[in-house]
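Written out below as structure tokens is the structure these notes cover.
For clarity, every value in this text was computed on a predicted model and none was experimentally measured.
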Number of protein chains: 4
Amino acid sequence: MDKRQLIIEAAIELFCLNGFDKTSTSAICTKANVSKGLVFHHFKNKNELLREAFATIATVVEEVSGKIDMTGQPKDRLLSLINTIFDSMAQPEHRRLYQFNFNVMMQPSTREIIADLIAERSQFQRGIVGSIFSAISEENSHIRSLLFIAEIDGIAMHYLFSEEEFPLDLIREQFIKKYCEP
Amino acid sequence: MDKRQLIIEAAIELFCLNGFDKTSTSAICTKANVSKGLVFHHFKNKNELLREAFATIATVVEEVSGKIDMTGQPKDRLLSLINTIFDSMAQPEHRRLYQFNFNVMMQPSTREIIADLIAERSQFQRGIVGSIFSAISEENSHIRSLLFIAEIDGIAMHYLFSEEEFPLDLIREQFIKKYCEP
Amino acid sequence: MDKRQLIIEAAIELFCLNGFDKTSTSAICTKANVSKGLVFHHFKNKNELLREAFATIATVVEEVSGKIDMTGQPKDRLLSLINTIFDSMAQPEHRRLYQFNFNVMMQPSTREIIADLIAERSQFQRGIVGSIFSAISEENSHIRSLLFIAEIDGIAMHYLFSEEEFPLDLIREQFIKKYCEP
Amino acid sequence: MDKRQLIIEAAIELFCLNGFDKTSTSAICTKANVSKGLVFHHFKNKNELLREAFATIATVVEEVSGKIDMTGQPKDRLLSLINTIFDSMAQPEHRRLYQFNFNVMMQPSTREIIADLIAERSQFQRGIVGSIFSAISEENSHIRSLLFIAEIDGIAMHYLFSEEEFPLDLIREQFIKKYCEP
DNA sequence: GATGAATGAGAATTCATTCAT
DNA sequence: TATGAATGAATTCTCATTCAT
């Protein structure tokens with residue numbers, strides 16, 4: 001019954017569905033069943049609501065990271081990392097969340113609003129991936145990490161926005177082959 | 001002195017800079033130094049202007065494709081493809097164009113408007129990449145093509161939107177190593 | 001001090017004076033001394049405002065109907081009906097209201113918006129007139145009612161829109177002679 | 001192939017269908033297959049086009065008047081008048097024309113534009129009807145004429161704008177009974 | 001904390017009309 | 001006579017935000 005939370009949840013749902021710009025505060029109010037005044041009582045402005053929504057979503061990402069098996073050999077950790085990421089991507093309930101992520105990050109106007117949160121998360125990701133890659137081999141580990149993350153994002157992007165089939169499982173197989181069986 | 005063209009160019013510039021939604025027709029008029037009426041005389045909608053802008057940009061992409069050296073051995077063609085893409089990406093005057101591309105494609109509202117143009121271009125890309133990959137090896141060539149395109153897009157995305165340095169040349173080197181020297 | 005009501009009243013006044021299409025929402029705002037936003041806060045559309053205005057006017061019509069003396073003999077009731085209608089028509093403060101009525105009903109675009117309200121009122125009128133005519137004589141009472149209503153509307157129309165004199169009192173006399181002294 | 005005439009015809013058709021205000025000059029151009037410039041070359045402005053259209057329609061009215069049998073006895077002439085009017089009203093190809101007439105005359109903004117043409121036609125009508133009524137009986141003939149015309153217009157109005165059936169033939173019968181068999 | 005009336009800036013779009021060719 | 005590019009004012013409507021209660 002925390003109305004603040006209710007508003008955030010309504011906002012996330014609508015931002016994911018229609019994008020930030022195409023979601024009016026009115027629509028959020030209707031969805032959350034609260035008055036306009038209350039939204040601006042809890043949040044300084046609409047931008048603040050975007051930050052809050054983005055931060056909430058970041059939680060999901062962190063939860064996913066927690067599922068990586070970091071106990072085995074470096075190579076096994078890499079495999080676990082890849083599989084965890086692909087599993088998360090394939091989850092239908094994550095689809096819109098990830099789409100929203102891309103949406104917000106590719107839009108100059110929205111990206112600006114959450115620039116610091118993006119940087120933070122980026123560092124977090126690089127930390128995890130970097131630790132695995134440097135354990136496998138020091139050589140170029142930084143570059144290899146950056147490349148890996150970029151490739152993953154590319155795959156996610158294509159998977160999330162392709163209406164025609166993007167065969168994620170075959171892609172995963174191929175991707176694993178490249179990274180784990182050279 | 002073709003005002004229609006002037007409008008398109010102004011639109012592209014502003015769409016690239018601020019995104020479609022954040023660019024008002026008024027702003028385009030001001031930039032192109034024409035009246036509001038003229039925009040709607042030449043283009044049915046703001047949407048139509050987006051399509052026109054997107055199509056114009058597609059030309060750039062096709063020009064780039066023309067630069068690929070398709071005469072040599074399959075492996076050489078792949079190398080030429082990769083280098084051509086990275087070269088284009090690195091060109092400062094292409095930066096905003098490509099950013100605009102991602103921006104428009106990740107936004108549900110704008111993506112819808114140009115869905116057909118996206119599909120068309122996607123097929124074009126797959127044709128070129130597919131021909132090279134199947135020449136190298138029939139096995140999984142389709143999947144390998146899809147993966148390749150996705151990875152490229154991921155790299156482009158990270159390069160284009162990273163304010164901090166994304167070392168494109170080192171990434172290119174690493175990427176080539178993976179694809180051309182196994 | 002109810003601004004919603006203020007807007008409706010301003011709208012009626014202007015719709016009556018200039019017609020619906022020729023009345024801009026801005027003009028209504030100015031007249032009602034409210035902001036543009038408020039009109040659309042209270043009414044979904046300009047159309048909704050038309051409906052509201054038309055409904056308000058319908059009230060006047062119903063009030064008039066309440067003045068008919070329904071106690072006497074059928075013939076007396078008919079006389080009362082006719083006199084009540086002509087009295088209402090002749091009232092200067094009703095003039096614009098009735099003009100607006102015709103205006104809105106003869107315009108395909110506006111008629112459509114209030115089609116249901118027109119139908120409702122039409123039934124109401126037919127109910128009253130029909131009850132009187134069938135009390136006078138069952139024979140053809142339905143047709144005679146329709147004809148009566150049409151004739152009344154024709155008279156109203158000519159009276160309301162004639163700039164040169166339309167001698168309403170003599171017309172009334174003649175009309176009564178036809179209906180009440182055959 | 002007289003383009004001027006073509007424009008008028010297109011205008012009439014569209015004015016009848018959608019009303020004057022809801023018909024843009026562009027629409028007329030499209031329909032007449034001519035350029036915007038040409039319309040304003042032939043007609044000073046849109047209002048002039050309305051006048052031209054209204055005048056053209058007036059011709060139809062006059063043609064109808066020519067069909068009245070003015071040879072017989074006054075009573076027979078009245079009967080012929082009534083029948084001619086009802087016949088014309090019932091013609092499907094006249095329906096929109098008459099609707100347009102009412103539309104234009106009930107709208108303050110359009111009525112003003114053609115005020116003189118309305119007055120002219122009104123006099124014409126009164127002349128014909130008046131001559132018949134005064135031939136029947138001098139007493140009150142002016143008033144009886146005015147009332148007759150008003151009643152006819154009322155009937156026309158109800159017939160033309162009633163979507164539900166308005167039984168024109170039964171109404172005609174009843175109307176004739178009133179006027180011709182007392 | 002909670003409401004919703006109220007604001008005002010700004011958006012896309014329409015349209016009659018002008019004018020150079 | 002004929003075209004259609006060009007204008008600019010006007011229109012409906014949206015929306016983030018404020019504020020009195």
### Task
Give a yes/no answer on whether the side chain of Lys3(B) brings an N or O atom under 4.0 Å of OP1 or OP2 in dG4(F).
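Result: no.
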### Task
Give a yes/no on whether any side-chain N or O of His41(A) is located under 4.0 angstrom from OP1 or OP2 of dG1(E).
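Checking dG1(E) against His41(A), a side-chain N or O does come within under 4.0 Å of OP1 or OP2.
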#### Entry: dA9(E): pairing nucleotide in any strand, Watson-Crick or G-U under 3.5 angstrom
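dT14(F) is the nucleotide pairing with dA9(E).
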### Message
My understanding is that a pair needs two contacts under 3.5 Å, Watson-Crick or G-U wobble. By that rule, which nucleotide pairs with dA20(E)?
### Response
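In the structure as shown, dA20(E) has dT3(F) as its Watson-Crick or wobble partner.
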[X] [atom1] to [N] [atom2]: how many Å, rounded?
{"X": "Gln5(B)", "N": "dA5(F)", "atom1": "CD", "atom2": "C1'", "value": "16 Å"}
{"X": "His42(C)", "N": "dT7(E)", "atom1": "NE2", "atom2": "C1'", "value": "12 Å"}
{"X": "Ile7(B)", "N": "dA12(E)", "atom1": "CD1", "atom2": "C1'", "value": "15 Å"}

### Message
Counting primed atoms plus P, OP1 and OP2 as sugar-phosphate and everything else as base, spell out the protein contacts along nucleotides 16-21 of chain F at 4.0 Å heavy-atom distance: B, S or - for each nucleotide, 5' to 3'.
### Response
BBB---
### Query
Taking atom CG of Leu50(B) and atom CG of Asn45(B), what is their separation to the nearest 0.5 Å?
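The CG atom of Leu50(B) sits 10.5 Å away from the CG atom of Asn45(B).
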### Message
Can you classify the ring geometry of Phe100(A) versus Phe15(A) as parallel (below 30°), tilted (30 to 60°) or perpendicular (above 60°)?
### Response
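Judged by the thresholds at 30° and 60°, the geometry between Phe100(A) and Phe15(A) is parallel.
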### Task
Look at the side chain of Leu38(C) and decide which nucleotide, out of dA6(E), dT3(E), dT1(F), has an atom nearest to it.
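Ranking dA6(E), dT3(E), dT1(F) by closest atom to the Leu38(C) side chain puts dA6(E) first.
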### Query
Should Glu9(D) and Lys31(D) count as side-chain neighbours, where that means a heavy-atom distance under 4.5 Å?
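SC-SC contact between Glu9(D) and Lys31(D) ruled out.
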### Message
As a quick check of understanding, evaluate side chain to side chain donor-acceptor pair (under 3.5 Å) for Ser26(C) and Lys36(C), giving each step before the final call.
### Response
CA-CA 7 Å; Ser26(C) 296; Lys36(C) 271 185 194 181; 3.3 Å; yes
### Query
What residues form a side-chain contact (heavy atoms from CB on, under 4.5 Å) with Ala32(D), not counting sequence neighbours?
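Per chain and number, Ala32(D) pairs via side-chain contact (heavy atoms from CB on, under 4.5 Å) with Leu6(D), Ile7(D), Ala10(D), Val34(D).
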#### Entry: Distance-minimising heavy-atom pair for Phe161(C) and Met105(D)
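Looking at all heavy atoms of both residues, the shortest contact is CD2-O, 3.9 Å.
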